[in-house]
2 protein chains.
Amino acid sequence: MDDRIHEHAEVLVDWSARVDEGDDVVVSVGEDAHELAVAVAELLGERGANPVTLYGSDEVSRAYLHGHEGDFDDDPAHELALYEHADVALFLRGGRNTTATADVPSETRQTYNTAREGVREARMDTDWVSTLHPTRSGAQQAGMAYEEYQDFVYDAVLRDWQALADEQAKLKDLLDEGSEVRIVKEETDLTVSIEDRVAVNSAASVDYDSHNLPSGEVFTAPHATEGEVFFDVPMTINDRRVRNVHLTFEDGEVVDWSAEQGEKSIRETLETDEGARRLGELGIGMNRGIDRVTDNILFDEKMGGTVHLALGRAYESNYPPGHESEAVESAVHVDLITDMQEEGSRLEVDGEVVQRDGIFRWEDGFEG
Amino acid sequence: MDDRIHEHAEVLVDWSARVDEGDDVVVSVGEDAHELAVAVAELLGERGANPVTLYGSDEVSRAYLHGHEGDFDDDPAHELALYEHADVALFLRGGRNTTATADVPSETRQTYNTAREGVREARMDTDWVSTLHPTRSGAQQAGMAYEEYQDFVYDAVLRDWQALADEQAKLKDLLDEGSEVRIVKEETDLTVSIEDRVAVNSAASVDYDSHNLPSGEVFTAPHATEGEVFFDVPMTINDRRVRNVHLTFEDGEVVDWSAEQGEKSIRETLETDEGARRLGELGIGMNRGIDRVTDNILFDEKMGGTVHLALGRAYESNYPPGHESEAVESAVHVDLITDMQEEGSRLEVDGEVVQRDGIFRWEDGFEG
């Protein structure tokens with residue numbers, strides 16, 4: 001077995017999920033994530049934890065949803081009890097076909113998810129972490145050779161996470177103390193208020209309130225957004241390719257927009273509800289192990305030198321205690337990414353340049 | 001997908017497990033049983049049941065047991081709760097290597113199983129059924145080509161189970177009314193009492209108190225065994241090949257024995273405890289879909305025209321209510337099989353010939 005699989009398991013179990021002796025752990029294994037599951041199981045044995053292993057197969061889910069007619073039972077007792085009694089849940093993603101559920105009507109999926117709201121909450125109440133084993137279908141989605149994709153994934157996952165958490169803490173402090181962020185680049189001059197918001201240091205560990213491995217970003221909930229912004233990183237939204245989106249904001253709301261490709265997806269998103277025309281997130285990518293776009297939001301939005309803004313729902317963790325109800329509400333949370341590494345790009349906090357041309361002021365090569 | 005996989009799923013879900021709308025079902029999927037899992041999931045959807053899908057991987061189990069040191073926690077709460085809240089549990093066996101856990105010390109396995117006695121009991125309290133998806137490793141164990149093995153498994157599984165249950169009911173009635181069974185063939189003349197015992201019609205359905213698919217046997221708990229018996233069907237016991245075993249009984253106990261191959265396994269078995277020298281089961285195979293020995297007890301002991309006797313533990317279901325405590329107790333239950341299809345073989349109940357040369361008296365070709 002590739003040594004990096006064992007290292008991945010160690011980061012997941014020890015850094016991300018902080019598994020302790022006696023922990024009751026649920027491990028969900030994607031169709032092609034077997035090798036990571038084996039490495040994780042061995043480590044859970046070493047740590048004295050108790051795993052129950054689920055088969056997280058998209059093809060099995062699709063078959064069930066296709067076979068089912070009518071309403072779904074609310075929160076099946078056995079599934080609910082499993083998560084209610086679990087301390088940790090690890091999701092090892094990695095299937096054989098990233099579009100395996102493409103022919104399941106989204107209505108069916110929604111009905112199914114709505115019926116299982118209690119199961120979802122019980123799952124979210126565990127120390128859960130989602131990660132990804134590099135599979136051939138993942139490589140195909142990224143447009144890479146398999147070995148190339150393995151290198152890409154492990155570069156992103158096998159970081160010195162403590163060092164990155166410490167670096168991200170610097171940016172979190174700046175955002176927590178600051179009241180305004182300005183983003184300037186080609187066709188972009190956007191100002192958002194971050195007053196009375198709490199930045200999250202997303203360092204791929206439950207101890208940092210961060211549940212994805214890899215992670216590597218600092219994010220907050222912007223408001224009073226003014227100006228225009230250009231998203232030059234292509235992505236897929238609602239199964240459609242989206243490129244070169246422009247948004248113009250007034251008083252926190254989108255008042256004008258355009259897209260070179262994928263107009264329909266942007267229009268659908270903006271028309272979802274009122275919250276979908278506001279920003280729910282400003283995220284600043286800080287994972288330097290991710291050096292290119294692979295059309296997988298789990299990686300793309302963490303790329304060092306990029307900034308992402310999400311239309312729609314905000315995270316409650318960005319609001320001070322007691323103010324969670326102020327969070328933007330929406331049925332959607334759609335991330336759009338802009339590359340800050342081109343010449344002339346800058347990120348300012350209260351008028352002070354924090355990043356120029358994608359380089360933070362504490363990094364080598366920063367030109368103040 | 002091979003139509004037979006869908007048919008297998010139907011037999012399992014409808015005939016064997018009797019899944020109803022609203023049932024909470026646990027489905028455990030072997031490493032290579034994916035296709036059967038997909039067919040079962042679709043059907044569970046159609047029936048309106050709620051599946052939780054487990055990954056039943058021997059390699060994952062091995063890794064966990066290898067990693068673990070010291071005592072295991074008793075009955076992990078999440079695993080216990082999962083089964084305590086489940087109505088049905090389906091085990092879809094079929095891995096990639098039938099010897100995947102060969103290097104796990106049996107002591108470790110025992111300690112692990114002992115710590116999970118409560119989980120096991122909760123699992124046995126569901127309407128559970130164990131079946132087998134034909135895999136390449138299964139074909140290899142059986143010494144067959146893959147396609148040949150698929151034909152073999154589906155011949156055994158895709159029976160007219162109602163018709164077989166009705167036929168088996170005839171034999172059950174004979175045994176329930178009778179008081180003595182005599183088995184006569186080459187080097188064999190054995191008499192057992194079946195007085196005060198209840199025969200089980202094992203028809204591969206929870207409604208018949210039968211939890212394996214395929215099944216196809218009628219079994220009871222013999223006592224007061226006298227005489228000698230020759231087991232000419234080769235098998236594997238404790239990882240060793242065993243051939244041509246002779247046992248001599250007096251007053252219900254083995255008093256003499258020999259084996260042409262695998263002496264050590266037979267000696268270990270007989271020396272386990274007192275119960276291991278007595279018979280816990282007399283089983284009469286009635287599945288005519290199984291036409292050859294494949295060194296898999298799940299199939300071999302059900303073969304029409306064979307009889308098996310088990311050294312050790314008896315099943316409580318063979319005792320009348322209130323008499324379960326009379327069942328033979330032992331740490332082992334080792335089945336040995338003899339082929340009754342050779343000329344001169346006969347099975348008698350109270351002196352009446354019920355089967356001659358492997359043919360039951362209600363079958364064509366029976367010579368009274």
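Throughout, protein chains are lettered first and strands after them, A, B, ... in sequence-line order, and every chain is numbered starting at 1.
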Which atom pairs, one donor and one acceptor, sit under 3.5 Å between chain B and chain A?
from    : atom 1 : to      : atom 2 : distance (Å)
B/Asp24 : OD2    : A/Ala77 : N      : 3.3
B/Val25 : N      : A/His78 : NE2    : 3.3
B/Val25 : O      : A/His78 : NE2    : 3.0
B/His34 : ND1    : A/Tyr55 : OH     : 2.6
B/His34 : NE2    : A/Glu59 : OE1    : 2.7
B/Glu46 : N      : A/Gly67 : O      : 3.4
B/Ala49 : O      : A/Tyr64 : OH     : 2.7
B/Asn50 : O      : A/His78 : NE2    : 3.0
B/Asn50 : ND2    : A/Asp73 : OD2    : 2.9
B/Thr53 : O      : A/Tyr55 : N      : 2.9
B/Tyr55 : N      : A/Thr53 : O      : 2.9
B/Tyr55 : OH     : A/His34 : ND1    : 2.6
B/Glu59 : OE1    : A/His34 : NE2    : 2.7
B/Tyr64 : OH     : A/Ala49 : O      : 2.7
B/Gly67 : O      : A/Glu46 : N      : 3.4
B/Asp73 : OD2    : A/Asn50 : ND2    : 2.9
B/Ala77 : N      : A/Asp24 : OD2    : 3.3
B/His78 : NE2    : A/Val25 : N      : 3.3
B/His78 : NE2    : A/Val25 : O      : 3.0
B/His78 : NE2    : A/Asn50 : O      : 3.1

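- Two residues are said to be in side-chain contact when any heavy atoms from C-beta on lie closer than 4.5 Å; B/Val27 and B/Leu44 meet this criterion.
- Between chain A and the residues B/Ala81, B/Ala41, B/Gly45, the most heavy-atom pairs under 4.5 angstrom are made by B/Gly45.
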> After noting the C-alpha distance and the side-chain angles of A/Val157 and A/Leu213, does the key distance pass the side-chain contact (heavy atoms from CB on, under 4.5 Å) rule?
Replying inline: CA-CA 6 Å; A/Val157 166; A/Leu213 175 66; 4.1 Å; yes

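- Counting heavy atoms from C-beta outward, B/Phe91 and B/Val26 have side chains that stay 4.5 Å or more apart.
- Only the side chain of A/Val29 comes within contact range of chain B, with heavy atoms under 4.5 Å apart.
- For A/Ala49, the part lying under 4.5 angstrom from a heavy atom of chain B is the backbone only.
- Residue A/Val40: no heavy atom, backbone or side chain, is found under 4.5 Å from chain B.
- Note: B/Leu92 CG to B/Leu12 CG = 6.5 Å, rounded to the nearest 0.5 Å.
- For a residue to count as touching a neighbouring chain, one of its non-hydrogen atoms must lie under 4.5 Å from one of that chain's; by this rule B/Val52 touches chain A with backbone and side chain alike.
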